[in-house]
Amino acid sequence: MTDSNAYYNLILPILNQVNGYTGTLLLIVSSLGTIQCIFLSVRYAKAQEAEELEHAKKSLKDFIIGFLLIFVLIVAMRTGMPGLCKWMTENAKISVY
């Protein structure tokens with residue numbers, strides 16, 4: 001067994017897992033994020049006092065930033081995977097896909 005085959009046998013199951021779960025992960029993150037965003041928006045709309053309103057506004061803003069960051073990172077991982085596999089194939093002399 002050469003070093004290339006050892007890398008291939010090690011990396012292939014990991015790549016299959018990542019590729020298999022990213023679609024499901026996007027769906028779960030989107031669904032839970034939408035529910036949380038609705039909950040925080042209702043809390044913001046119901047706020048009566050200025051302090052409560054500012055706290056709800058900050059919570060909603062922080063959540064939206066975090067949600068977008070997570071979503072962008074998952075999409076970047078999904079779109080960057082073929083390039084990473086191509087780079088691995090060229091540098092390790094193995095075929096990943």
If I compare all heavy atoms of [X] with all of [Y], which pair ends up nearest, and what's the gap?
| X | Y | answer |
| --- | --- | --- |
| Leu60 | Ser41 | CD1-OG, 3.9 Å |
| Phe71 | Ser30 | CE1-OG, 3.8 Å |
| Ser59 | Leu40 | O-CD1, 3.9 Å |

For Ile28, what are the other residues in its hydrophobic cluster, where any two members join if their side-chain heavy atoms are less than 4.5 angstrom apart?
->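 Hydrophobic cluster check, Ile28: joined to Leu32.
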
When rounded to the nearest 0.5 angstrom, what distance separates [atom1] in [X] from [atom2] in [Y]?
| X | Y | atom1 | atom2 | value |
| --- | --- | --- | --- | --- |
| Ile64 | Leu69 | CD1 | CG | 13.5 Å |
| Glu54 | Lys58 | CD | NZ | 10.5 Å |
| Leu73 | Met77 | CG | CE | 9.0 Å |
| Asp62 | Lys57 | CG | NZ | 12.0 Å |

For Lys61, check side-chain hydrogen bond (donor to acceptor under 3.5 Å, both in side chains) against everything at least two apart and list the hits.
-> none

Check ring pair (Phe, Tyr, Trp, His ring centres under 6.0 Å) between Tyr44 and all other residues, then give those that pass, not counting sequence neighbours.
-> none

Would you say the side chain of Phe63 lies within less than 4.5 Å of the side chain of Cys37, judging by non-hydrogen atoms?
-> yes

Examine Ile70 and Phe39 and state if one hydrophobic cluster contains both, with Ile, Leu, Val, Met, Phe, Trp and Tyr joined whenever side-chain heavy atoms are less than 4.5 Å apart.
-> yes

